[in-house]
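Single-structure report; data block below.
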Amino acid sequence: MDMHTVVVGTSGATAQDVIAVARGNARVELSAAAVDALAAAREVIDALAAKPEPVYGVSTGFGALASRHISPELRAQLQRNIVRSHAAGMGPRVEREVVRALMFLRLKTVASGHTGVRPEIAQTMADVLNAGITPVVHEYGSLGCSGDLAPLSHCALTLMGEGDAEGPDGTVRPAGELLAAHGITPVELREKEGLALLNGTDGMLGMLVMAIADLQNLYTSADITAALSLEALLGTDKVLAPELHAIRPHPGQGVSADNMLRVLAGSGLTGHHQDDAPRVQDAYSVRCAPQVNGAGRDTLAHARLVADRELAAAVDNPVVLSDGRVESNGNFHGAPVAYVLDFLAIAAADLGSITERRTDRLLDKNRSHGLPPFLADDAGVDSGLMIAQYTQAALVSEMKRLAVPASADSIPSSAMQEDHVSMGWSAARKLRTTVENLARIVAVELYAATRAIELRAAQGLTPAPASLAAVEALRAAGVEGPGPDRFLSPDLAAADAFVRAGALVAAVEPVTGRLA
């Protein structure tokens, strides 16, 4: 495990913290200030619990049952029961990194001192994360309102020593056995604590944070592959001139144009067509790459702003305020997060679509300006990359379906008490698939464009140094293309891994300088 430590305080967390814990297995520690805040808020809850007047979440039922006053001797049972009854998820298991992000972000809110949870509950949450114990969480069960209820409930169940969890060795066992094996005592929940463990947007937020990190890499990678395709198609780089983008000052557009221009520096291919086969303009998929990629970058920037705000938030209901009041609220509603999850899926689908169109041009002898059909070594004897483009098109088609907003839907629940929900968890789940598909689509363009660059070099033209660096790095990684002495199945999975790892960006930056 990575020995990096993330200290959880009272003022939220950063995206880097989430990534470190979810993907890097960083250890988690509570700050002294967080422990003090937890203890102070718990004193408020204990005082309210001792009063005869009912207080929501402390001495009442929940949701549509909030009007029932619960006697002191039944309150521990109530907190256990809300966890058990809400752990009703179904479907495939959710990825380990998502569950770790979910648990860490719930701990982040608990540590704020606004939930009324005892310090020992928060410490047990940290202990479970540090032991590498991952609750079994299922695909379905959250409506993105009142928190990601079923997913968080399955996590809380593990804290109680119930249900199933995965150990650090990857084996799923009863949670009680795993806690005992790591010397962790199961928690016994008291007033307010069961509710506080369930009432957050942590699952959808964790998936948003990780999607933003992945998309940042993919947008930069897509700028590079767009530049490679422009070059291989003998397009003109004049459309990338900064003065053109300055008069339409969308920040992302300017960044993408600059990235592409730097990749193409020193190319002997751009504009080459003007010598022998003049054409006034390149196709939209080539000429408008900065506009489309850039709009996606600006959408990503907005999503990052929303994520940062949510990372600084304490999402629970009711909450303990700094003046000692305990107030009900609607901060658990996932709309702010759900919207940007859907926005990102729409932008990613469009990026995938324009990427596929460039690949198709590279393969079409009538539009590729001198490249062989389907980039085949011997067209007719082999089909070249024909079916690689089919695969790319199938992925684009799925992305378009996944771009339909989940947040536009709402299904009432809890006997109409919870009559409007965000569907943010669903938006996050489909965005994860979208991000995976986008990486594959960019990988296909990379595979085709580098093959085309090699063919242009064989024609006696001089590709840009950054383009050659991309080709060399891809081949050094073992991603082979068809050649005169062999025909290989397109190694698209290896190209996909190359893109996901950020290796394409790393390959060209020694030539281009740091890309945005």
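Side-chain atoms are counted along with the backbone in the values below, which use heavy atoms only and exclude waters and symmetry mates.
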field: side-chain contact (heavy atoms from CB on, under 4.5 Å) assessment of Phe104 paired with Val6
entry: CA-CA 10 Å; Phe104 172 72; Val6 172; 3.8 Å; yes

- prompt: Could you go step by step and tell me if Val306 and His302 meet the side-chain contact (heavy atoms from CB on, under 4.5 Å) rule?
  reply: CA-CA 6 Å; Val306 172; His302 173 62; 3.9 Å; yes

- prompt: Between Glu166 and Arg93, does a salt bridge (charged side-chain N to carboxylate O under 4.0 Å, His left out) hold up when you go through it step by step?
  reply: CA-CA 11 Å; Glu166 180 185 297; Arg93 283 182 57 191; 2.7 Å; yes

- request: Evaluate the side-chain contact (heavy atoms from CB on, under 4.5 Å) criterion for residues Val263 and Asn259: first the C-alpha distance (whole Å), next the side-chain angles of each, then the deciding distance (0.1 Å), finally the verdict.
  value: CA-CA 6 Å; Val263 171; Asn259 283 348; 5.6 Å; no

task: Output, in order, the C-alpha distance, side-chain angles, deciding distance and verdict of side-chain contact (heavy atoms from CB on, under 4.5 Å) for Ile441 and Val396.
output: CA-CA 8 Å; Ile441 290 165; Val396 169; 3.6 Å; yes

- request: Check step by step if salt bridge (charged side-chain N to carboxylate O under 4.0 Å, His left out) holds for Lys400 and Asp350.
  value: CA-CA 8 Å; Lys400 291 175 180 177; Asp350 198 36; over 6 Å; no

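Looking only at distances, a side-chain donor or acceptor of Ser410 sits under 3.5 Å from a matching main-chain atom of Val421. A donor-acceptor contact shorter than 3.5 Å links the side chain of Lys430 to the backbone of Val404. A donor-acceptor pair under 3.5 Å is formed between the side chain of Thr450 and the backbone N or O of Tyr447. Asp496 places no side-chain N or O within donor-acceptor distance of the main-chain N or O of Leu492, the cut-off being under 3.5 Å. Of the possible polar contacts, none joining the Arg367 side chain to the Leu362 backbone as a donor-acceptor pair under 3.5 Å is found. Without hydrogens or angle criteria, Thr512 side chain to Arg262 main chain gives no donor-acceptor distance under 3.5 Å. With Arg100 contributing its side chain and Leu129 its backbone, the two residues share a donor-acceptor pair below 3.5 Å. Panel note: side chain Asp308, backbone Ala303; no donor-acceptor pair is recorded below 3.5 Å. Distance alone, capped at 3.5 Å, is enough to place a donor-acceptor pair between the Asp148 side chain and the Met204 backbone. Put simply, the side chain of Arg287 gets close to the backbone of Asp282: a donor and an acceptor are under 3.5 Å apart.
Here the side chains of Pro412 and Glu418 are not in contact, with every heavy-atom distance at 4.5 Å or above. In this structure, the side chains of Asn317 and Tyr56 come closer than 4.5 Å at one or more pairs of heavy atoms. Contact of the Val98 side chain with the Arg432 side chain is registered, since non-hydrogen atoms from C-beta on lie closer than 4.5 Å. Side-chain atoms of Met260 and Asp237, non-hydrogen and from C-beta on, never get closer than 4.5 Å to each other. Inter-residue side-chain proximity for His138 and Pro92 is flagged as unmet; no heavy-atom pair is nearer than 4.5 Å. The side-chain heavy atoms of Thr134 and Val128, taken from C-beta on, include no pair separated by under 4.5 Å. You'll find the side chain of Leu215 reaches within 4.5 Å of the side chain of Leu438, heavy atoms only. At a threshold of 4.5 Å between non-hydrogen side-chain atoms, the residues Met207 and Trp425 count as touching.
In this structure, a donor-acceptor pair under 3.5 Å is present between the side chains of Asp17 and Thr14. In this model, no donor atom of one side chain and acceptor atom of the other lie less than 3.5 Å apart for Arg401 and Thr434. No side-chain N or O of Thr433 forms a donor-acceptor pair with one of Arg429 less than 3.5 Å apart. Gln216 and Arg304 share a side-chain donor-acceptor pair at under 3.5 Å. Counted by atom type alone, Asn199 and Arg106 present zero donor-acceptor pairs between their side chains at under 3.5 Å. In this model, a donor atom of one side chain and an acceptor atom of the other lie less than 3.5 Å apart for Ser256 and Asp223.
The two residues Ala448 and Thr359 come nearest to each other via the heavy atoms CB-CG2, 4.1 Å. The minimum heavy-atom distance linking Arg297 with Gly252 is given by the pair CD-O, 3.6 Å. Pairing each heavy atom of Thr201 with each of Glu310, the nearest pair is OG1-OE2, 2.7 Å. Summarising the geometry of Val8 relative to Ala111, their closest heavy-atom pair is CG1-CB, 3.6 Å, with the distance given to 0.1 Å. Listed here is the closest heavy atom pair of Val117 and Ala196: CG2-CB, 3.5 Å. Heavy-atom minimum distance, Leu228 versus Ala449: CB-CB, 3.7 Å.
Expressed to the nearest 0.5 Å, how far CG of Leu375 lies from OG of Ser368 amounts to 7.0 Å. To the nearest 0.5 angstrom, Leu159 atom CG is 7.0 Å from Thr124 atom OG1. Rounded to the nearest 0.5 Å, atoms OG1 (Thr225) and CG (Leu504) are 7.0 Å apart. Note that OG of Ser153 is 7.0 Å distant from CD1 of Ile82, once rounded to the nearest 0.5 Å. The CG atom of Leu102 sits 4.0 Å away from atom SG of Cys155, with the distance rounded to the nearest 0.5 Å. For the atom pair CG (Asn293) and OG (Ser221), the distance works out to 11.0 Å, reported to the nearest 0.5 Å.
The 12-atom threshold is exceeded at CD of Glu398, counting heavy atoms of other residues, nucleotides or ligands nearer than 6.0 Å.
Between Asp127 and Arg27 there is no salt bridge, since none of the side-chain N atoms of the basic residue sits less than 4.0 Å from a carboxylate O of the acidic one.
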Donor-acceptor contacts, no H, no angles, side chain residues 331-340, under 3.5 Å, sequence neighbours left out:
{"residue": "His333", "atom": "ND1", "partner": "Ala335", "partner atom": "N", "Å": "3.2"}
{"residue": "His333", "atom": "NE2", "partner": "His420", "partner atom": "O", "Å": "3.2"}
{"residue": "His333", "atom": "NE2", "partner": "His420", "partner atom": "ND1", "Å": "3.2"}

Kindly list each side-chain donor-acceptor pair under 3.5 angstrom involving residues 242-250, sequence neighbours excluded, with atom names and distances?
{"residue": "His245", "atom": "ND1", "partner": "Gln253", "partner atom": "NE2", "Å": "2.9"}
{"residue": "His245", "atom": "NE2", "partner": "Val239", "partner atom": "O", "Å": "3.0"}

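Among Arg358, Gln392, Arg357, Gln389, the one residue that satisfies the side-chain hydrogen bond (donor to acceptor under 3.5 Å, both in side chains) test with Glu445 is Arg358. Val435 pairs with exactly one of Ile212, Asn217, Leu218 by the side-chain contact (heavy atoms from CB on, under 4.5 Å) rule, that one being Leu218.
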